Amino acid sequence: MTTFEPIQMVDLKTQYQAIQAEVEAGIRHVLETNQYINGGPVKSFTQNLATYLDARQVIPCGNGTDALQVALMALDLKPGDEVITAPFTFIATAEVISLLGLVPVFADVDPLYFNLDPADVARKITDRTRVIMPVHLYGQTAPMEPLMDLATEHGLTVIEDNAQAIGADYLFRDGRRVKAGMIGQIGCTSFYPSKNLGAYGDGGAIMTNDEPLGAKINMIANHGSKVRYYHDVIGVNSRLDSIQAVVLDVKLRFLDDYIARRQAAAAAYDAGLSGIPQVITPARAPWSTHVFHQYTLRVTERRDALKDALQEAGIPSMIYYPVPLHLQPAYAGYGYRKGDFPISEQLAEEVISLPMHTELTVDQIDHICSTIRQFYHA
Ligand SMILES: *Cc1c(COP(=O)(O)O)cnc(C)c1O
C-alpha cells in the first residue's frame with residue numbers, strides 16, 4: 001500500500017522552508033534595528049505591491065476586515081446608506097457595513113462562478129444605494145465590467161473585496177487586463193496566513209488609483225492624522241507591522257509562481273474528477289483568470305457524507321460557507337428570510353472545498369480524486 005504524507009488543507013511549512021533563510025535574515029534585521037512599525041520593510045513591500053498591481057497607491061493596514069472598514073469610512077457615507085454585496089461570502093464583507101451603521105443589501109450570486117449577479121444587483125439599487133462591494137470568491141473575479149457600468153449609471157462607488165483573488169487578472173472586452181482589486185475605485189485585500197499572499201500573522205492592504213482618496217484612506221488608517229498628533233477626522237489604528245512586511249515582500253516575488261502551482265493542482269483535480277455525475281468542478285469565468293484560493297466543488301448528492309468519507313481517508317475538506325449571511329443569527333434583524341437568495345442557499349448546501357495550496361503532489365491529488373470517485377461509485 002502506498003503511504004502518503006498527511007494531506008493538509010493548507011501546507012505552509014514546505015513553502016516556508018523554501019524562503020526560510022531570506023525571511024529569517026529580514027526579520028533579524030527588523031529586530032536589530034527596532035523599526036517595528038512603519039519601518040523600511042513596510043515601505044518596500046507597499047511599493048513592490050503597488051508595482052505588481054499597477055496601483056498608484058497601496059495603503060497597508062492591520063487585516064482584510066480593517067481594509068474594508070477603512071475603505072467605507074473614506075466615502076463620507078451616512079447612517080442608513082445602502083451597500084450592495086453578496087450573502088455568499090465570509091462575514092467580514094458585510095460585518096463592516098453593519099458596524100458603520102450602513103445597511104447591507106444582499107444580491108444573489110450566480111450558480112456557475114459563485115460571484116455577484118449583476119442582474120440581481122440592478123434590481124437591488126435604490127435611491128439610498130451608495131456602494132457596490134463585489135467579492136472575488138475563491139480566486140476569480142466577479143463580473144466587474146457590468147458591475148462598473150451599473151455603478152457609473154447610478155453614481156455608486158465600487159469597493160472590491162479582493163481577499164481571495166490577489167494576482168488574478170480581469171479581462172476587459174476591449175482586451176485590457178487589469179489586476180483584481182484595481183477595477184473598482186478601491187480594492188481591499190487580506191494577508192491572513194492562508195490567503196494566496198499570506199503573512200505569518202495578520203495584515204491587509206487597500207489599493208486605489210484615486211490619489212486624493214488614497215490620501216484620505218491613509219489618514220483614516222492612521223488615527224485620522226496626516227501630521228502626528230494633529231487629527232483631521234475620526235480614524236482607526238490599523239497598521240501592517242515590519243515583521244509581516246518582511247515575509248510579504250519575500251513572498252510577493254513568488255506570488256505568480258504560487259499561483260501557477262495552484263492552477264496546476266486545479267487542472268489535475270479537474271482531470272481526476274471529470275465524468276462523475278454528482279460532481280461539478282469549478283467553472284472558469286471568461287472574464288477572469290482563476291488563482292484558486294480554493295478549489296471548490298458543487299456536489300449534488302450527499303455532500304456531508306462525502307466530507308466524512310474524505311475525513312476517513314485522511315483528507316481534510318472545508319465548507320466555505322455553510323450558512324449564507326442573510327440566514328445568520330447576526331443578520332436576523334435585517335428581516336431576510338429563507339428563500340430570498342436561492343442560489344446562495346443552494347450553494348451553501350452543495351459546496352465543498354478540497355485541499356489547495358502550493359505543495360500538493362500528484363499522488364495526493366490522485367488519492368483525493370479516487371476517494372471521491374469511489375464514494376459516488378463512478
Ligand atoms: C479573509 C477574508 C476577509 C477578511 O480578512 P482578515 O484579514 O481575516 O480580516 C474578508 N473578506 C473575504 C472574502 C475573506 O476571505
Side-chain angles (χ1 to χ4, degrees), residues 9-10 12 45 49 58-73 83-100 104 106-107 109 113-116 131-142 144 147 158-168 180-181 183-184 186-207 217 221 236-241 243-245 247-248 251 262 288 290-296 318-326 328 330-331 344 347-348 351 353 356-357:
M9 199 64 200
V10 178
L12 296 172
F45 168 64
L49 184 60
V58 169
I59 299 99
C61 65
N63 56 65
T65 310
D66 280 4
L68 294 164
Q69 179 179 332
V70 169
L72 282 170
M73 287 173 76
V83 180
I84 299 179
T85 193
F88 191 60
T89 176
F90 181 54
I91 183 95
T93 319
E95 192 176 37
V96 294
I97 301 169
S98 304
L99 260 180
L100 294 173
F106 295 119
V109 297
Y113 312 117
F114 316 137
N115 279 318
L116 263 186
V131 179
I132 304 174
M133 207 189 257
V135 182
H136 304 320
L137 202 71
Y138 302 149
Q140 68 185 342
T141 58
M144 291 303 291
L147 292 172
V158 174
I159 300 176
E160 295 169 65
D161 181 342
N162 192 29
Q164 301 191 4
I166 194 151
I183 305 142
I186 309 178
C188 296
T189 200
S190 163
F191 305 124
Y192 185 79
S194 63
K195 300 281 153 100
N196 284 24
L197 179 59
Y200 293 162
D202 276 310
I206 305 159
M207 51 229 53
I217 288 168
V236 298
N237 169 25
S238 187
R239 294 185 284 236
L240 182 71
D241 70 69
I243 289 179
Q244 300 311 328
V247 175
L248 291 166
K251 283 199 179 187
R262 287 173 178 273
S288 181
H290 201 322
V291 296
F292 289 99
H293 176 57
Q294 301 296 342
Y295 185 88
T296 303
M318 294 290 283
I319 309 301
Y320 302 116
Y321 297 92
V323 182
L325 299 185
H326 68 287
Q328 297 279 359
Y331 279 85
S344 296
L347 291 176
V351 291
S353 298
M356 175 49 80
H357 52 80

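When a ligand or atom number is given, it counts from 1 through the structure's own listing order. Note that the coordinates shown come from a computational prediction; the quantities given were computed from them, not determined experimentally.
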Exercise. What do the steps show when you test His293 against Asn196 for side-chain hydrogen bond (donor to acceptor under 3.5 Å, both in side chains), and what is the final call?
Worked result: CA-CA 6 Å; His293 176 57; Asn196 284 24; 3.1 Å; yes
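Using a 4.0 Å cut-off to heavy atoms of Ala92, the atoms of ligand 1 that qualify are 4 (C), 10 (C). Atoms of ligand 1 found under 4.0 Å from any heavy atom of Asn63, numbered from 1 in the order shown, are 7 (O), 9 (O). Contact atoms of ligand 1 toward Gly64: 5 (O), 6 (P), 7 (O), 9 (O) (distance under 4.0 Å to a heavy atom of the residue). The ligand atoms of ligand 1 that sit less than 4.0 angstrom from a heavy atom of Thr89 are 13 (C).
Scanning Lys195, Gln294, Met133 for the heavy atom closest to atom 1 (C) of ligand 1 points to Lys195.
Considering backbone and side-chain N/O of Ser190, one or more are found under 3.5 Å from N/O of ligand 1. The N/O atoms of Ala163, backbone and side chain alike, include none that comes under 3.5 Å of an N/O atom in ligand 1.
From the protein, the heavy atom lying nearest to atom 15 (O) of ligand 1 is Gln164 NE2, 2.8 Å. The closest protein non-hydrogen atom to atom 9 (O) of ligand 1 is Thr65 OG1, 2.5 Å. The nearest protein atom to atom 11 (N) of ligand 1, hydrogens excluded, is given as Asp161 OD2, 2.8 Å; this is a heavy-atom distance.
Side-chain contact between Glu95 and Thr65 is present, with at least one heavy-atom pair separated by less than 4.5 Å.
One N or O on the side chain of Glu160 and one on the backbone of Gly184 form a donor-acceptor pair closer than 3.5 Å. Remark: side-chain polar atoms of Ser190 are not paired, donor with acceptor, to backbone N or O of Ala163 under 3.5 angstrom. A donor-acceptor pair under 3.5 Å is absent between the side-chain atoms of Lys251 and the main chain of Ala199, judged by distance alone.
Under the 6.0 Å cut-off for aromatic ring centres, Phe114 and Tyr320 do not qualify, their centroids lying 6.0 Å or more apart.
No side-chain N or O of Ser353 forms a donor-acceptor pair with one of Tyr138 less than 3.5 Å apart.
In Tyr200, the OH atom is crowded: over 12 heavy atoms of neighbouring residues, nucleotides or ligands sit closer than 6.0 Å.
The part of Val135 lying near ligand 1 is the side chain, judged by heavy-atom distances below 4.0 Å.
In this structure, His293 falls outside the shell of residues with a heavy atom less than 4.0 angstrom from ligand 1.
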